[in-house]
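Everything below concerns the one structure shown next.
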Number of protein chains: 2
Amino acid sequence: MPDAADPAPMNAPSRRRFRREGEERRRQDLIEATLDSVAEHGLQGATLRTIALRAGVTAGLIRHYFPGKEELLQEAYAALMGRMTEQAKAALAMEDASPRQRLAAFVTANLNVPIIDARVFSLWATFIGRAGADPSLARAHREGYLGFRNEVEAVVAEVLAAERREPDAGQLRHHAIAINAIIDGLWIEGCLAGEMFSPGELAAIGIKTVEAELGLVPEREDNQ
Amino acid sequence: MPDAADPAPMNAPSRRRFRREGEERRRQDLIEATLDSVAEHGLQGATLRTIALRAGVTAGLIRHYFPGKEELLQEAYAALMGRMTEQAKAALAMEDASPRQRLAAFVTANLNVPIIDARVFSLWATFIGRAGADPSLARAHREGYLGFRNEVEAVVAEVLAAERREPDAGQLRHHAIAINAIIDGLWIEGCLAGEMFSPGELAAIGIKTVEAELGLVPEREDNQ
DNA sequence: GAGCTTGTTGTGCAAGTGTATAAATAGCCC
DNA sequence: GGGCTATTTATACACTTGCACAACAAGCTC
């Protein structure tokens, strides 16, 4: 008998079986499938049919949860940004540690998996590339960026205070901008060519560079 | 008489007038139009018809110069990368200057127009976002990146030599990676939100951070 | 289990895509 | 100026895309 492996009857025009999922679950599945599709095929390759296939549903269902593709992409981007900033900030949550240790932990967390990740980078670049033309994307980025930089600035202030230094607002801002740049730049290098660096190398470079930026004395290591 | 402004006769099914351009000129025009379209509409919005319209020709002509859209995009990306690395390296060409001055000039050049440019950034991000899925793009990036980093490493070696310091290969590599990251990170910040920084501010931060990274003593300025 | 709600499927469609190819004409050679 | 070549236009085509809508069934309520 042909098609014996398929449980569907031969001649019945039977529909596909399906399950009703909760709304929140379906939305998140669709968003995740969207991010997967965008990461793999780019914004152009992420068609509604591709996304639906990956989410295990049919394309028509997407319209039941999102007004259109545009809104789906926006929500997907928002979800991505939220996850990224959440992970980054989580690294600062060490309560019982010196400011300097917390800063080092922050840098380390941002320069290792899961934040160093080719898929996340691909998504970030794909979306941010449209920030120049899409004001809503630009705003979403700016908010995320400023939030991140403010976190950095707060830690820097603590670190310098512990060192009995009293930077003014402008110096603090410059430190935050520079440290943010260092982390961003190393993050990109790690995402794009992670295998060029030995494990922990990027984090070590990051900590050293950040501490040099702040004028902290190296702790007990000869260096050139 | 209707349509009097249009020089075409009323009833003649006249074709559009055109001029024959040199092959090289046409190819470059098409590539430039491609970059414009990608920057404005993303890879998805850069259709052959959009590109042709911007280049002032009709869509069919593209096939005369490029086998397909894929090849057109690849050549456009190659042209973009070539221009970027060329501009960056040009900043190092100051013959009669101290190594430290050349390094500062290099940083400054990379953190001002025309290298700080929203359009170029948009293009870079759009293309690089596909590097994870497109090996040819990944290779093109890696070559550009390593070329850039080697330039940095060479200048760093000169600067440190002038300071009578003798870093080993590993330290030199780390310096180059860090400085590259600083420039990249500040470049991104400037491209994405240039109006948040006063003119020259990014370059000033960049120089200060780079010199701190290398352990150079600040020249004649109090700082916190 | 009957009935109802609505999550889900499947099909259809107009617009737009890249590509193929024939027809036309610009500009050089003589 | 006449003719030739190949650059350029214009049209056609198969295919994909996002979106609309009607049919269907999963699973809750009673």
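Naming: A, B, ... by sequence-line order, numbering from 1 per chain.
- Put simply, B:Tyr65 has a side-chain N or O that comes within less than 4.0 Å of OP1 or OP2 on D:dT8.
- The environment of CD in B:Glu70 is sparse: at most 12 heavy-atom neighbours from other residues, nucleotides or ligands sit within 6.0 Å.
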What's the verdict on salt bridge (charged side-chain N to carboxylate O under 4.0 Å, His left out) for A:Arg54 and A:Glu32, showing C-alpha distance, side-chain angles and the deciding distance?
CA-CA 9 Å; A:Arg54 198 180 280 263; A:Glu32 203 58 36; over 6 Å; no
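- Residue B:His64 places at least one side-chain N or O under 4.0 Å from the OP1 or OP2 atom of D:dT7.
- Residue contacts for B:Phe66: at a heavy-atom cut-off of 4.0 Å it reaches no nucleic acid atom on any strand shown.
- Residue A:Leu72 contributes atom CG, which lies 15 Å from atom C1' of D:dT17 at whole-angstrom precision.
- By the 4.0 Å N-to-carboxylate-O rule, B:Glu195 lies close enough to A:Arg142 to be salt-bridged with it.
- Between A:Phe127 and A:Tyr77, the ring planes lie tilted relative to each other; the angle falls in the 30° to 60° range.
- Across the protein-nucleic acid pair, B:Leu53 atom CG and D:dT8 atom P stand 16 Å apart, rounded to whole Å.
- A salt bridge is defined here as a Lys NZ or Arg NE, NH1 or NH2 lying under 4.0 Å from an Asp or Glu carboxylate O, and A:Glu201 with B:Arg173 meets this definition.
- B:Met196 has its side chain within reach of A:Tyr145: a pair of non-hydrogen atoms, C-beta onward, lies under 4.5 Å apart.
- DNA chain D lies under 4.0 Å from no heavy atom of any residue of residues 23-40 of chain A.
- The environment of CD in B:Gln44 is crowded: more than 12 heavy-atom neighbours from other residues, nucleotides or ligands sit within 6.0 Å.
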Where protein sits on nucleotides 18-30 of chain D, one letter per nucleotide: B base, S sugar-phosphate only, - none, heavy atoms under 4.0 Å:
BBS--BSBBS---
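- Between A:Lys208 and B:Glu213, none of the side-chain N atoms (NZ, or NE/NH1/NH2) sits under 4.0 Å from a carboxylate O, so this pair counts as no salt bridge.
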